[in-house]
Amino acid sequence: MADKLVMPAELKLIIAILTEQPVLNIAPDLNWSYFVKLVIRHRVIEQVSVRLKTEENIPDSVKQRLEVICQQQRLRLLMLAGETIRLSRELSTAGIGYAVVKGIPLAIEAYGGIAKRQCKDIDLWVDFASWDQAVKILQSCGYRQTCPEYSLTGFKRDYYLNRNHDFEFFHPQKKVQVELMFRVSYLGVDFPKLSEVPLKQCNINNKLVMSLEDNYHLLLLIVHGAVHAWHRLRWLLDIYLLIQQQKIDLVKLLTLAEQLECRAMVTQ
């Protein structure tokens, strides 16, 4: 028989917080330095910091460290929200269909607020037919292509486009990164064209931004997490919250998974 997985006390505490256990069993010899590293690693700083504020027997230095990181992250997320709105407006004005996936829309839909889910960039999805025009809009907004760093022409362009699904852009003044996707494809799981995927509006600071319909959004989250071996707890928390809030039609989700040939990932 295989040995049972032994979970570190620090990770157990994080999971107890994320699943909102009423009582937290805190080991007396818990390694708080390692605990903070895990919280940062799994990108669940907001949830852990808010819960520990009301808990006793937590070192003040830990509470203060997490709160400082939270404050920095909240300012960062406000910038990302502003840029998400700005880029969405520019794309809409140009008549380009788009969807903002994960990021700020997911923070609002799953967590209930812009600053409640840590994210590092803006994921924009446009159909390939609108690709060149979308790039020009990003450039006009001050973004520079950072990955690949070199220009693509001829064979290089064809080679890259056949083996990748996005380009990265960066705004040097605002320090905001954008991943501009021309398709959603993860190791053989290929989503339909954006024009064939149902969308929904997300209200960000009273501005409407296009994102994916909930079932498609959740399926993308599952495929993305599975491909990356679930090495962040936040990805599981995203899925848990969307399902818990009954925003997902599980029958429809499984039907979509069958169509995209990724049912195993969903049932996992």
Once salt bridge (Lys or Arg N to Asp or Glu O under 4.0 Å) is applied, do any residues pair with [X], and if so which ones, sequence neighbours excluded?
X      : result
Glu213 : Lys252
Arg86  : Glu83
Glu109 : Lys200, Lys247

Report task. Specify whether His228 and His224 have parallel, tilted or perpendicular ring planes, treating 30° as the upper limit for parallel and 60° as the lower limit for perpendicular. Result ->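 Tilted, since the angle between the ring planes falls between 30° and 60°.
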Distance (rounded to the nearest 0.5 Å) between [X] [atom1] and [Y] [atom2]:
X      : Y      : atom1 : atom2 : result
Phe170 : Glu179 : CZ    : CD    : 13.0 Å
Ile15  : Leu237 : CD1   : CG    : 11.0 Å
Phe169 : Thr146 : CZ    : OG1   : 8.0 Å
Ile26  : Trp32  : CD1   : CH2   : 4.5 Å
Cys262 : Tyr186 : SG    : OH    : 12.0 Å
Met265 : Ile222 : CE    : CD1   : 10.5 Å

Are [X] and [Y] packed together at the side-chain level, in the sense that at least one heavy-atom pair is separated by less than 4.5 angstrom?
X      : Y      : result
Lys63  : Lys53  : no
Val48  : Val36  : no
Trp235 : Ile239 : no
Val135 : Phe182 : no
Ile104 : Ile85  : no
Arg41  : His231 : yes
Leu208 : Asn203 : yes
Val184 : Val197 : no

How close do [X] and [Y] get, counting heavy atoms only, and between which atoms?
X      : Y      : value
Gln268 : Trp230 : OE1-NE1, 3.6 Å
Ile248 : Leu242 : CG1-O, 3.9 Å
Gln118 : Val44  : OE1-N, 4.4 Å
Leu30  : Ala9   : CD1-O, 4.0 Å
Ala134 : Ile96  : N-CD1, 3.9 Å
Ser211 : Val100 : OG-O, 2.7 Å

For [X], I'd like to know if atom [atom1] has over 12 heavy atoms of other residues, nucleotides or ligands within 6.0 Å.
X      : atom1 : result
Glu196 : CD    : yes
Gln244 : CD    : yes
Arg232 : CZ    : yes

Query raised in the report: Can you check side chain to side chain contact (heavy atoms under 4.5 Å, CB included) on Gln139 and Arg144, steps first, answer last?
Result: CA-CA 6 Å; Gln139 292 172 338; Arg144 301 174 183 172; over 6 Å; no
Any link between [X] and [Y] through a network of hydrophobic side chains (Ile, Leu, Val, Met, Phe, Trp, Tyr) touching at under 4.5 Å?
X     : Y      : result
Val50 : Val68  : no
Leu75 : Ile122 : no
Phe35 : Met7   : yes
Leu78 : Ile108 : no

Donor-acceptor pair, side chain of [X] and main chain of [Y], under 3.5 angstrom:
X      : Y      : value
Tyr98  : Ser92  : no
Gln245 : Ala110 : yes
His217 : Val101 : no
Arg183 : Phe128 : no

Query raised in the report: Salt bridge check: are Arg51 and Glu55 linked by an N-O gap of less than 4.0 Å?
Result: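 Between Glu55 and Arg51 there is a salt bridge, with a charged N closer than 4.0 Å to a carboxylate O.
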Report task. Inspect the contact between Arg74 and Glu46 and indicate whether a charged nitrogen and a carboxylate oxygen are less than 4.0 angstrom apart. Result ->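 So Glu46 pairs with Arg74 through a salt bridge.
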Report task. Take Leu11 and His42, measure what side chain to side chain contact (heavy atoms under 4.5 Å, CB included) needs, and give me the verdict at the end. Result -> CA-CA 10 Å; Leu11 185 58; His42 289 287; 4.2 Å; yes
Requested in this report: Kindly determine whether Arg234 and Gln47 satisfy side chain to side chain contact (heavy atoms under 4.5 Å, CB included), including the steps that lead there.
Outcome: CA-CA 10 Å; Arg234 188 196 62 190; Gln47 289 71 36; over 6 Å; no
Query - Arg117/Asp238 under salt bridge (charged side-chain N to carboxylate O under 4.0 Å, His left out): CA gap, chis, key distance, verdict - result: CA-CA 9 Å; Arg117 178 187 184 272; Asp238 294 340; 2.9 Å; yes
Report task. Report the C-alpha distance between Glu10 and Lys37 in whole Å, list the side-chain angles of each, state the deciding distance to 0.1 Å, and finish with yes or no for salt bridge (charged side-chain N to carboxylate O under 4.0 Å, His left out). Result -> CA-CA 10 Å; Glu10 295 78 13; Lys37 287 181 180 179; over 6 Å; no
Report task. Begin from the C-alpha positions of Leu199 and Leu212 and carry the test side chain to side chain contact (heavy atoms under 4.5 Å, CB included) through to its verdict. Result -> CA-CA 4 Å; Leu199 305 179; Leu212 298 181; 3.8 Å; yes
